[in-house]
Number of protein chains: 2
Amino acid sequence: MDQLQTQPQGGSFVLPTHADVTAGVADLDPCGQPGHPDCGIRDVLDRVGDKWSVLVIVELSNGARRFRELQRAIDGISQRMLTLTVRRLERDGLVIRTVYPTVPAQVDYRLTETGASLTHLVKALADWSLVHRDAIAEARHAYDTEHPDNEIR
Amino acid sequence: MDQLQTQPQGGSFVLPTHADVTAGVADLDPCGQPGHPDCGIRDVLDRVGDKWSVLVIVELSNGARRFRELQRAIDGISQRMLTLTVRRLERDGLVIRTVYPTVPAQVDYRLTETGASLTHLVKALADWSLVHRDAIAEARHAYDTEHPDNEIR
DNA sequence: CAGCATCCGATAGGATACTG
DNA sequence: CAGTATCCTATCGGATGCTG
């Protein structure tokens, strides 16, 4: 649903003279063109990026959870969004949904192998957040002080 | 939980296999409650999560870029969104914006140290995407076949 | 319990036109 | 070139009510 490709290449590969400090990073260009929708990064980023997926994955990384357990664990998520989130994760093969024909119904969710492998990255992201949260907050404050009239949030 | 404090970006870089980046993270529960808004993860995730930030970071990881260069490199981004994205990144202290008083105006963007450190994770995410893209596409197709009436995208 | 359906406000984000 | 300013639509996401 995210198809907006217009042209294969726009002639952007100039300036390879990276005398910059980002030495450790190899050429981050897995598919020949960073911004190209079809390189597969967009798909994953969309999933990682949406508001709740990451938190669901995080919670499931600690073991299988039932619907209500997830909702209670993830503070602030509405039932609607939990349903949607968990459905999308299921569709992507990151989560397995199991329905037990009990009364009342009982459903639990657990990560697939693929989903579990994403946990590492998600947690790394969380770690990064923790490490840099202060710096970011500081930077924001400084920016806001310096640009009081700005409306960038 | 508090290691990973300093990124090993002095030359060597964790390979695509993204081994134990999260060695110290056993339970991802940085502030007592995963979904809590105040734990700081949300902020960063929102930034990583939005549609364009990651791609901008990716592009800048290859070196400083001017506005138009960025826009050309990131296929599909509108000038409005590029402006907003790059402003937010600047505000967060991930990107530095430099204006040269030439005519016409010339502005370039480059990653800060903090921004560059994020590149590692983004790279890992990109690698993950590439590794699992087929599996995900397959899972989606299977799901859609099995649930033809479903409207989850 | 585990949803689905519906309404609705908020916001992300594209298109276009104009400016220094 | 590097934006700003509008307008407008699609989607996000919360609240509520109903069902098996």
Side-chain angles (χ1 to χ4, degrees), chain A residues 1-6 10 12 14-15 35 37 42 45-56 64-91 95-110 147 149-153, chain B residues 35 37 42 45-56 64-91 95-110 147 149-153:
Chain A
M1 293 300 186
D2 194 25
Q3 306 172 359
L4 57 143
Q5 61 180 97
T6 47
S12 58
V14 287
L15 198 74
R42 254 281 61 87
L45 254 33
D46 285 348
R47 195 62 53 245
V48 171
D50 74 33
K51 194 173 182 180
W52 303 111
S53 290
V54 167
L55 297 177
V56 168
R65 292 289 135 93
R66 298 175 55 177
F67 189 86
R68 293 292 296 174
E69 288 177 330
L70 275 178
Q71 190 170 12
R72 271 189 294 268
I74 302 172
D75 190 55
I77 193 172
S78 65
Q79 167 266 11
R80 172 181 142 83
M81 288 318 296
L82 180 54
T83 300
L84 285 177
T85 301
V86 97
R87 280 293 185 287
R88 288 196 272 246
L89 291 175
E90 184 194 6
R91 175 172 181 261
V95 157
I96 291 179
R97 176 173 174 270
T98 311
V99 183
Y100 300 97
T102 61
V103 175
Q106 181 171 333
V107 179
D108 70 46
Y109 299 89
R110 60 192 168 84
H147 313 318
D149 51 333
N150 211 321
E151 274 304 322
I152 317 289
R153 285 192 150 184
Chain B
R42 253 288 53 92
L45 254 33
D46 284 347
R47 194 62 53 247
V48 171
D50 74 33
K51 194 173 181 180
W52 303 110
S53 291
V54 166
L55 296 177
V56 168
R65 293 289 136 96
R66 297 174 55 178
F67 189 86
R68 294 291 297 175
E69 288 178 330
L70 275 176
Q71 190 171 10
R72 272 189 295 267
I74 303 173
D75 189 59
I77 193 171
S78 66
Q79 140 267 47
R80 172 181 140 83
M81 286 319 295
L82 181 54
T83 299
L84 285 178
T85 301
V86 97
R87 281 291 186 288
R88 287 196 272 247
L89 290 175
E90 184 195 6
R91 176 171 180 261
V95 157
I96 291 179
R97 176 173 173 269
T98 310
V99 182
Y100 301 97
T102 61
V103 175
Q106 181 171 334
V107 179
D108 70 45
Y109 299 89
R110 59 190 169 85
H147 312 294
D149 52 332
N150 213 322
E151 275 303 321
I152 317 289
R153 289 185 120 184

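Numbered from 1 within each chain, the chains take letters A, B, ... in sequence-line order. Below, all heavy atoms of this structure are taken into account, side chains as well, without hydrogens, waters or symmetry copies. On a predicted model such as this, the values are computed, not experimentally measured, just so you know.
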task = For A:D108 and C:dG3, give me the distance from atom CG to atom P, rounded to whole Å.
result = 10 Å

ask   = Got B:Y109 and B:R65 here, is their nearest side-chain heavy-atom distance under 4.5 Å?
value = no

query = Just checking B:R66: base, sugar-phosphate only, or nothing, at a heavy-atom cut-off of under 4.0 Å?
reply = sugar-phosphate

ask   = Within a strict 4.5 Å, meaning less than it, do heavy atoms of the B:W52 and B:V86 side chains meet?
value = no

query = Quick one: is B:R68 getting a side-chain N or O under 4.0 Å of the D:dC1 phosphate, OP1 or OP2?
reply = yes

query = Separation of A:Q106 atom CD from C:dA2 atom P, in whole Å?
reply = 7 Å

Side-chain N or O of B:Y109 closer than 4.0 Å to phosphate OP1/OP2 of D:dC1 = no

inquiry  = Distance check needed: D:dG3 C1' versus B:E69 CD, whole Å only.
reply    = 16 Å

request  = Specify the closest pair of heavy atoms between A:T85 and A:V56, including all atoms of both residues, with the distance to one decimal.
outcome  = CG2-CG2, 3.9 Å

message = Rounded to whole Å, how long is the line connecting atom CZ of A:R65 with atom P of C:dC1?
response = 16 Å

key: Between C:dG9 (C1') and A:R80 (CZ): distance, integer Å   = 13 Å

N or O in side chain of A:R87 less than 4.0 angstrom from C:dC4 OP1/OP2 = yes

task = Take atom CD of A:Q71 and atom C1' of C:dG3, then tell me their distance rounded to the nearest Å.
result = 10 Å

query = So, is A:R97 near the phosphate of C:dG3, with a side-chain N or O under 4.0 Å from OP1 or OP2?
reply = yes

task = Grab the CE-P distance between A:M81 and C:dA5 for me, whole Å please.
result = 16 Å

Per B:W52 side chain, nearest of listed nucleotides D:dG3, C:dG13, C:dA2 = C:dG13

note = Heavy atoms of B:I77 and B:Q71 approach each other most closely as O-NE2, 3.7 Å

query = Quick one: does A:Q79 reach the base of C:dC4 with a side-chain donor-acceptor pair under 3.5 Å?
reply = yes

note = The reported gap from CZ in A:R66 to OG1 in A:T98 (rounded to nearest 0.5 angstrom) is 12.0 Å

message = If you assign each of A:A105 and A:S78 to its closest nucleotide in DNA chain D, which residue comes earlier from the 5' end?
response = A:S78

ask   = Please give, in whole Å, the distance from D:dA15 P to A:L82 CG?
value = 14 Å

